[in-house]
Every structure is written in C-alpha cells, then in structure tokens.
Enquirer: 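My structure is below; once you've seen it, I'll send some questions.
In listed order, ligands and their atoms are each counted from 1.
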Amino acid sequence: MIPRTETALHNHSWQWYLRHAIRNTDELAKALKIDIDPVPTAFPLFVPAPYLSRIERGNPDDPLLLQVLPRHAENQVVEGYVNDPLQEVEQIKGNGIIHKYRGRILIVTTGACAINCRYCFRRHFPYAKSQLSHRDWHNVMSYIKEDPTIREVILSGGDPLLMSDNQLSDFVKMLGEVNQITHLRIHTRLPVVIPQRVNETMLSWISGTKLRVIVVIHANHEHELDDQVHQAVQKLISAGVSVLNQSVLLKNVNDNCEALCNLSWRLSSIGALPYYLHRLDKVAGTAHFDIPATRARKLIAQMKNRMPGYLVPRLVSEIPGSGSKQELIA
Ligand SMILES: *Cc1c(COP(=O)(O)O)cnc(C)c1O
Ligand code: SF4
C-alpha cells in the first residue's frame, strides 16, 4: 500500500502517511530493493512514505536510511552510553514541563514521533502519558504566571505537531492570553518527515496568534529537504514564522565537511537557517553514531573556512545541570 509515485505522495493527508508508515524490515527491503537483516529491537522501525521516497534505492549506505534502519550495533552494550544521559525522566513525569534554562520552558507534549530515529534518546524513554490533558495545560499556565522571567514556551516531545490542530489552537489561544509570553517555539521533525503536516488548518492557528512563532525543524542531510519540504517551509514563512534547523552530528550520515556544508546551503535555499549541530547524547544503543569531540571541532573549523558565518551551525552538547547548551568552539 506504499505510494510509489510523486502524484500519490501529493494526494494524502499527513494522518494517512502516519497510518501507512513502513513498520518492518521486509517492507523496507522490498521498497528499497536491498537485503536487510532483521534486528530485534524494542524501538521499532517506523518510516512514513514521504521520507522513504528520498532514500536512494539499492544503496544500503544511504545517509537517510542509516537514520531509520535498526542495526545489530544498537544491541551492543558500550560503556558510558546510558538510557537517560540527560537525566530528564524525573522531570518529565509530572506535568510535562522541563524548566532548565532561564527565560524559557520546554513542554513535553507527547511521547510519539512521526519517525523513529535510531540515534534518539526516545528509544528508552518511559513516557508517563502519551499526551497532555486539558488540566495539564492549565497547570502550564499557572507555572508560567509564577515566574515572570519566562517569556518563551517551547513545544517539544516527541513531536508536538502530532497533536491535533484543535488542541494546538486551543493551547496557543491560552498562551496568547498570558501577557509575559511573547515567543512560541516548536521543535518538530514533521515538516521534514511528512511535509503535508503544514496544511491550511495548521497555518490558520499560526497566523492567528500574536505570538512570535519560531519553528525549529530537524534535518541531518540535504537529501531530506526535497521540493515538498521546501514548499512546507515557504508556507510557514508566509505565515510569519522564522524557521531554524537543528541537526545531530552522526557518523556516516553527515560527519564530513562537504555533507555539512551542502546541508547548510540547502537549508538556506529553502528558507531555514542552521541553528544547532548537536553532539550525540550518550544514549545506550547509539555509540556507533558518535563522533569524537576533536573531530567535531575540526569539522566546524573547516566549515568556517568555507561558508558564510550565518550558515555555520553552533556545535553544542547538553551537559546535565548546566544553565544552557554548551558550545564547543572550533
Ligand atoms: C535545548 C533546550 C532548550 C532550548 O535551548 P536554546 O538554547 O534556547 O535553544 C530549552 N529547554 C530545555 C530543557 C532544553 O533542553
Ligand atoms: S523526530 Fe526527534 S524526537 Fe523523534 S525520534 Fe527523531 S530525533 Fe527523536
């Protein structure tokens, strides 16, 4: 039931693509015309068709494929790689609020995503609830009002755009009534994974708020950014949104200067600016994606020598207990 043509890709809702996403290695192998070894995993394969369509057929080393394909290396225990390196589980169990940095709070809206990225911390996360209730949202408002330094609310997850537009619209309305909040940020991979998510219903609540809206998408390789993603980003921009991108530095996906530079140029061409390049969090089962800090710094130094400054992302890692992301200077 996988659409094979561009026309088919245009004709469905984002929910349709989620329902019909590829969920096992046999289907994936067939679609990509390669042999795939099934790997036992508690974090299943999950790839929707729009993303699948950008993976090169017949290429087992495709940089997009490597982001979604379960591999045996995931089941190897590597010292120093743990289930919750950022020590966030405790913080999330309550009302979904993570308040680590001054001026902004992050809300874990849902544990679900539109794709299962193999390098992600989500693979081990015991999400207490799948979605926030109406009561939780009211608690968020009370929390904000108790701390006048909070000016920005960041919707994160999982992927906040898996919430319905009704829920999002209600929340944004509530938030708009809290005077101290001026900025709404949305951390989402959906405009990349299923660009059809950016539809008229979504654009109407975005255009309707007086909040400054920033959408931070997540792409790691230029091939993820096809014409449909370009159109989705353009629609967001037309609705007044600033679009940024965050990437993760991943071995064999984007760990060379050319891949990183091409990603930045492509992002800028479609209307998104590079924001962060994250070093991998040391999550169990992801060690085979990791790049040493010295190599990461060197890559950024090379980028600086080749690219306009605004196209060089900030290389950061997250250190539990610190007041912001930690930048690694090249
Ligand atoms: C990353 C993160 C933010 C956002 O940090 P910025 O540097 O503003 O992008 C906010 N809160 C939490 C808990 C985070 O992990
Ligand atoms: S979209 Fe983001 S949160 Fe979801 S699995 Fe991928 S990296 Fe993790």
Side-chain angles (χ1 to χ4, degrees), residues 18 21 41-48 50-51 64 66-70 74 84-92 94 96-125 127 130 140 143-144 147 149-162 183-194 197 212 214-221 224 242 244-250 253-254 273-281 283 285-286 289 313-327:
L18 277 178
T41 172
F43 184 57
L45 173 92
F46 193 90
V47 196
Y51 195 88
L64 278 55
L66 295 182
Q67 294 179 50
V68 296
L69 180 66
E74 293 178 16
D84 181 21
L86 304 179
Q87 297 156 23
E88 283 183 337
V89 169
E90 282 309 310
Q91 288 158 289
I92 289 177
I97 302 170
I98 307 185
H99 190 186
K100 287 205 295 204
Y101 307 150
R102 236 179 115 89
R104 56 239 199 254
I105 56 169
L106 184 144
I107 301 176
V108 178
T109 52
T110 163
C113 277
I115 189 167
N116 283 347
C117 308
R118 306 318 300 176
Y119 49 86
C120 184
F121 65 93
R122 259 185 77 239
R123 55 186 305 123
H124 304 292
F125 241 64
Y127 284 99
S130 60
V140 169
Y143 186 93
I144 293 170
D147 181 350
T149 63
I150 302 168
R151 299 196 48 174
E152 181 185 45
V153 170
I154 304 171
L155 299 184
S156 186
D159 202 310
L161 289 185
L162 281 183
H183 288 58
L184 169 68
R185 194 186 331 172
I186 303 170
H187 283 179
T188 172
R189 194 147 155 70
L190 259 162
V192 172
V193 176
I194 307 177
R197 177 64 183 92
R212 182 87 188 85
I214 298 98
V215 169
V216 184
I217 60 172
H218 169 183
N220 302 311
H221 193 279
E224 287 170 64
S242 296
L244 303 173
N245 178 67
Q246 49 186 350
S247 308
V248 182
L249 184 57
L250 299 167
V253 172
N254 58 11
L273 284 177
Y275 179 40
Y276 282 151
L277 175 63
H278 294 268
R279 284 203 60 220
L280 193 79
D281 298 323
V283 178
T286 68
F289 282 114
R314 269 174 274 173
L315 178 65
V316 290
S317 53
E318 228 174 301
I319 298 168
S322 77
S324 68
K325 308 263 188 273
Q326 293 297 294
E327 185 162 0

Enquirer: Answer with side chain, backbone, both or neither: which part of Leu86 has a heavy atom less than 4.0 angstrom from an atom of ligand 1?
Expert: neither

Enquirer: Between Asn254 (side chain only) and Asn220 (backbone N and O only), is there a donor and an acceptor less than 3.5 Å apart?
Expert: yes

Enquirer: Would you mind running through ligand 1 and noting each atom that sits below 4.0 Å from a heavy atom of Ile154?
Expert: 3 (C), 4 (C), 10 (C)

Enquirer: Check each atom of ligand 2 against the heavy atoms of Cys120 and keep those under 4.0 Å away; list them by number with element.
Expert: 3 (S), 5 (S), 7 (S), 8 (Fe)

Enquirer: On a heavy-atom basis, I'd like to know which of Cys117, Gly111, Ala114, Ala112 is closest to atom 6 (Fe) of ligand 2.
Expert: Cys117

Enquirer: When you measure from the side chain of Arg122 to the backbone of Gly111, do you find a donor-acceptor pair of N or O atoms at a distance under 3.5 Å?
Expert: yes

Enquirer: Report the member of His218, His187, Gln246 with the shortest heavy-atom distance to atom 7 (S) of ligand 2.
Expert: His218

Enquirer: Which atoms from ligand 2 have a heavy atom of Ile115 less than 4.0 Å away?
Expert: 5 (S)

Enquirer: Below 4.0 Å from any atom of ligand 1, is there a heavy atom belonging to His99?
Expert: no

Enquirer: For atom 14 (C) of ligand 1, which of the options Glu318, Lys325, Glu327 provides the nearest non-hydrogen atom?
Expert: Lys325

Enquirer: Taking distance alone, with no angle check, do Arg104 and ligand 1 share an N/O pair under 3.5 Å?
Expert: yes

Enquirer: Can you name the atoms of ligand 1, numbered from 1 with element, that are less than 4.0 Å from a heavy atom of Ile98?
Expert: 13 (C)

Enquirer: At what distance, to the nearest 0.5 angstrom, does CD1 of Ile150 lie from CD1 of Ile105?
Expert: 5.0 Å

Enquirer: Is atom 4 (Fe) of ligand 2 less than 2.8 Å from an N/O/S atom of Cys113, whether that atom is in the backbone or a side chain?
Expert: yes

Enquirer: How many angstroms lie between OG in Ser317 and NE2 in His278, if you round to the nearest 0.5 Å?
Expert: 10.0 Å

Enquirer: For ligand 1, note which part of Arg185 has a heavy atom under 4.0 Å away: side chain, backbone, both or neither.
Expert: side chain

Enquirer: Find the distance between CD1 (Ile319) and OG (Ser324) and round it off to the nearest 0.5 Å.
Expert: 9.0 Å

Enquirer: Report the nearest protein non-hydrogen atom to atom 12 (C) of ligand 1: residue, atom name, distance rounded to 0.1 Å.
Expert: Leu106 CD1, 3.6 Å

Enquirer: Please say whether more than 12 non-hydrogen atoms of neighbouring residues, nucleotides or ligands are located less than 6.0 Å from CZ in Arg104.
Expert: yes

Enquirer: For atom 6 (P) of ligand 1, what is the nearest protein heavy atom, given as residue, atom name and distance?
Expert: Tyr275 OH, 3.4 Å

Enquirer: Has Arg185 got a side-chain atom pairing as donor or acceptor with Leu106's backbone, closer than 3.5 angstrom?
Expert: no

Enquirer: Tell me, which protein residue and heavy-atom name are nearest atom 5 (S) of ligand 2, and how many Å apart are they?
Expert: Arg122 NH1, 3.2 Å

Enquirer: Hey, what do you get for OH (Tyr51) to CD (Gln67), rounding to the nearest 0.5 Å?
Expert: 3.5 Å

Enquirer: Can you sort out which atoms of ligand 2 are near Arg189, meaning under 4.0 Å from one of its heavy atoms?
Expert: 1 (S)

Enquirer: With rounding to the nearest 0.5 Å, note down the distance linking CD in Glu224 to CG in Leu64.
Expert: 4.5 Å

Enquirer: Please confirm whether the backbone N or O of Ile107 pairs with a side-chain atom of Ser156, one donor and one acceptor, at under 3.5 Å?
Expert: no

Enquirer: To the nearest 0.5 Å, what is the distance between CG on Asp159 and OG1 on Thr110?
Expert: 8.5 Å

Enquirer: So which protein heavy atom does atom 7 (O) of ligand 1 come closest to, and at what separation?
Expert: Tyr276 OH, 2.6 Å

